[in-house]
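Notes follow once the structure below has been shown.
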Amino acid sequence: MDKDVTTAAEDADDIRRNFWKEGFVVIPSLVDAKTIAAAKVELEKILATDNISNVAELERSDGQTPRRIWKPTERSEVFRNLAEDTRVLDAVESVIGGNLSYHYSKLHMKGAKVGSAVKWHQDFSYYPHTNTDLLTALIYLDDADEQNGCLQVVPGSHKGGLISHEVDGEFRGMVPSGNAQEFEERGVFAGGPAGTVVLLHCLALHASAANKSERPRRTFLTAYRASDALPIYYGPHAAHNEAGVRVLRGEPALSVRVTSGIWRLPITSARFGSLFQIQEGSHYENDGGPVGYAT
Ligand SMILES: O=C(O)CCC(=O)C(=O)O
């Protein structure tokens, strides 16, 4: 795959049009350098702890480099503010409308040389809801490109429904390997300089390669949903993020909007703490760590 981003946008109309056409949109340098610098300082503060495993999941390859920081908005006002940044929320609003809620967030560290790959998947497979007006904003804290494992997306894939994320009949949070090969060919790179924001539809097929470069690719991922989209309850995992959900714009929903569809449920025999664990199968060894993180 050597294709460039097909969908960069600057104003609200572009953002809406490109997002709904391709299932994602890249908004170059939406967040200013000062805000990004402050987020990186804060990130180091979060990691300066004696008990790293309470805060972060570590790379399996070296057992020491953090690959995911859990719940950054609960650990830091800086990340809480970034999740509520007017520029980000304006972009989200231009896509899913003015009644929107914060869903959950995380930090992916993609450390230089050791950053794990994320295999092809659709986020909705991890958290089926009553409708599909859910999206994630990936806010790059470093310049992100093909070399350090920027996001890759299959354009238009959000229109094709939900495909299987099972291996041997069990949810594993990634598409079967035969499909992955096809998506690798059809996918495009969605990178950009630090401060770039990628809005990603919950049904868009996406992945990112391992980081073999000398540069980290740190990213704050903050997810939103239309306030009338509620999770489909199939067990405790489905409710895991709900305590943190809050209305950010518009009115709390008094009705739920239900669109038709048949959604396979992400039921597993072992609890998992992250998409990394369930995709690599390490959740079978430790039964999950912090219970059932969203993706
Ligand atoms: O950080 C990345 O490269 C992608 C993350 C992702 O796909 C996810 O969290 O669903």
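As the structure lists them, so they are numbered: ligands from 1, and atoms in each ligand from 1.
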Examine ligand 1 and decide if any of its atoms is less than 4.0 Å from a heavy atom belonging to T219.
no
Grab the two heavy atoms, one from S157 and one from Q122, that are nearest each other, plus how far apart they are.
O-NE2, 4.3 Å
Taking everything shown except R264 itself, do over 12 heavy atoms lie less than 6.0 Å from its CZ?
no
Between S227 and E251, is there a side-chain donor-acceptor contact under 3.5 Å, judged purely by atom types and distance?
no
Quick one: do V92 and W20 end up in the same hydrophobic cluster if we chain Ile, Leu, Val, Met, Phe, Trp and Tyr together by side-chain heavy atoms under 4.5 Å apart?
yes
Note: ligand 1 atoms sitting under 4.0 Å from heavy atoms of D123 are 10 (O)
Should you measure from each heavy atom of S208, which atoms of ligand 1 turn up under 4.0 Å away?
2 (C), 3 (O)
Run the numbers for me: atoms of ligand 1, each under 4.0 Å from some heavy atom of H121, listed by number.
6 (C), 7 (O), 8 (C), 10 (O)
With a heavy-atom distance limit of 4.0 Å, tell me whether Q279 approaches ligand 1 through its side chain, its backbone, both, or neither.
neither
What one should report as the nearest heavy-atom pair of N54 and W70 is O-CE3, 4.1 Å
A student checking ligand 1 against H108 at a 4.0 Å heavy-atom cut-off should list atoms 1 (O), 2 (C), 5 (C), 9 (O)
